[in-house]
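Remarks on the structure that follows.
Hydrogens, waters and symmetry mates are skipped; everything else that's a heavy atom, side chains included, is used.
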There are 2 protein chains.
Amino acid sequence: MKKAKQKRLERAGWKVGGATDFLELSKEEAALVEMKLALADSVRRRRRARKLTQAQLAKRIGSSQSRVAKIEAADPEVSIDLLVRTLLSLGASRTQVAKVIAKRTGSKEAA
Amino acid sequence: MKKAKQKRLERAGWKVGGATDFLELSKEEAALVEMKLALADSVRRRRRARKLTQAQLAKRIGSSQSRVAKIEAADPEVSIDLLVRTLLSLGASRTQVAKVIAKRTGSKEAA
DNA sequence: CGAGCATATATCAAACTCGACATATTCGCT
DNA sequence: AGCGAATATGTCGAGTTTGATATATGCTCG
């Protein structure tokens with residue numbers, strides 16, 4: 001199910017193969033995915049810091065346990081909107097959300 | 001159409017009126033809206049700096065002029081995903097997006 | 001081992017967002 | 001004022017995201 005990306009590209013009419021455009025888009029997508037990962041990670045940390053179970057958090061944000069699991073797994077079908085909304089529900093401020101978005105998820109690549 | 005918010009609340013089962021919960025939620029929603037406004041504003045600035053029309057930008061991101069207009073108007077039906085993706089398409093880095101999100105939109109309130 | 005609880009994965013109908021198009025409205029220019 | 005380009009607003013079908021539900025896996029403690 002992680003082909004949502006590819007599908008989106010195709011639907012958007014990008015010819016995967018056109019060098020410049022493709023590279024550009026890759027960068028965007030990569031940035032987007034990294035942002036999601038960072039947000040997901042932050043949600044998990046905050047939830048645990050508050051000693052909440054996924055089910056409890058789900059109730060707080062008007063959702064279900066299964067979705068919280070997907071949120072924390074940064075499942076491709078989870079939107080940034082939901083990630084951010086969840087983080088805000090956990091008491092994060094706008095500034096803190098910004099910091100999370102700027103933060104590097106892993107830290108391995110050099111090139 | 002700006003009742004999407006209200007609808008979401010209702011669907012989520014929030015009784016608008018419950019003091020604590022209501023205030024909490026308001027803060028979240030306010031933060032979300034402010035983030036959207038900041039992002040929308042940044043999109044417009046960047047587009048203009050590049051001397052692009054909405055139609056041209058639309059083409060670049062595989063969308064239509066009307067949607068770009070909605071993006072810049074921070075229309076409630078525009079998701080954060082789209083705002084961020086558009087900003088990235090305009091050459092913004094992840095760090096820059098973060099800065100935009102942290103930035104205050106207006107600057108009037110004191111309390 | 002077995003029970004109880006937390007988390008992960010799958011499915012589905014309903015709600016939502018998207019791009020496209022048609023149609024205003026506003027802006028810049030002569 | 002009159003024209004044309006740019007931008008705003010409304011609607012719609014198609015495709016995506018969501019919350020609920022069911023089920024599976026994993027974990028701890030007796």
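Across dT7(D), dT17(D), dA8(C), the shortest atom-to-atom separation from the side chain of Thr53(B) is found for dT7(D). Of the candidates dT17(C), dA8(D), dA8(C), the closest approach to any side-chain atom of Ser79(B) belongs to dT17(C).
The two residues Val100(A) and Ser42(A) come nearest to each other via the heavy atoms CG2-OG, 3.5 Å. The shortest non-hydrogen separation linking Arg46(B) to Gly91(B) is NH1-C, 3.8 Å.
Taking atom CD1 on Ile71(A) and atom P on dT18(D), their separation rounds to 8 Å, with Å as the unit. One interatomic measurement links the two molecules: CZ of Arg85(A) to P of dA15(C), which rounds to 16 Å at whole-angstrom precision. Look at CD1 on Ile61(A): it is 17 Å from P on dT17(D), rounded to the nearest Å. Rounded to whole Å, the distance from CD on Glu72(B) to P on dC27(C) is 15 Å. Separating the CD atom of Glu77(A) from the P atom of dA14(C) is a distance of 18 Å, rounded to the nearest angstrom. Distance, Asp75(A) CG to dT17(D) C1': 11 Å, rounded to whole Å. Note: CG (Asp81(B)) to P (dT16(D)) measures 14 Å, nearest angstrom. For the pair Gln54(B) CD and dA24(C) P, the computed distance is 18 Å after rounding to whole Å.
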All N/O pairs under 3.5 Å across the protein-nucleotides 21-25 of chain D interface:
residue : atom : partner  : partner atom : Å
dT21(D) : O4   : Ser66(A) : OG           : 2.6

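Listed by residue number, Arg44(B), Arg47(B) are the residues of residues 43-52 of chain B with a heavy-atom contact under 4.0 Å to DNA chain D.
In terms of the side-chain contact (heavy atoms from CB on, under 4.5 Å) criterion, residue partners of Ala55(A) (sequence neighbours excluded) are, by chain and number, Thr53(A), Gln65(A). With sequence neighbours left out, Arg45(A) forms a salt bridge (Lys or Arg N to Asp or Glu O under 4.0 Å) with Asp41(A). With sequence neighbours excluded, the residues that form a side-chain contact (heavy atoms from CB on, under 4.5 Å) with Ala31(A) are Leu88(B), Arg94(B). Remark: Arg48(B) engages Arg44(B) in a side-chain contact (heavy atoms from CB on, under 4.5 Å) (not counting sequence neighbours). Applying the salt bridge (Lys or Arg N to Asp or Glu O under 4.0 Å) rule to Lys36(B) yields no partners; only residues at least two apart in sequence or on another chain are considered. Not counting sequence neighbours, the partners of Leu82(A) by the side-chain contact (heavy atoms from CB on, under 4.5 Å) test are Arg67(A), Ile71(A), Val78(A), Ser79(A), Arg85(A), Thr86(A). For Thr95(B), the side chain to side chain donor-acceptor pair (under 3.5 Å) criterion is met by no residue, not counting sequence neighbours.
Among the protein residues, Val78(B) comes within range of the sugar-phosphate backbone only, with heavy atoms under 4.0 Å from sugar or phosphate atoms but none that close to a base.
The line from CD1 of Ile80(B) to CG of Leu87(B) is 12.0 Å long, rounded to the nearest 0.5 Å. Here the CZ atom belonging to Arg47(B) is positioned 7.5 Å from the CG atom belonging to Leu52(B), to the nearest 0.5 angstrom.
Judged purely by atom type and a 3.5 angstrom limit, Arg50(A) uses its side chain to pair as donor or acceptor with the backbone of Leu90(A).
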Under 3.5 Å for both distances, Watson-Crick or G-U wobble, that's the pair rule; now give the dot-bracket for DNA chain C, with | marking pairs to another strand and [ ] for crossing ones. ||||||||||||||||||||||||||||||
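A donor-acceptor contact under 3.5 Å links the side chain of Lys70(B) to the base of dG10(D).
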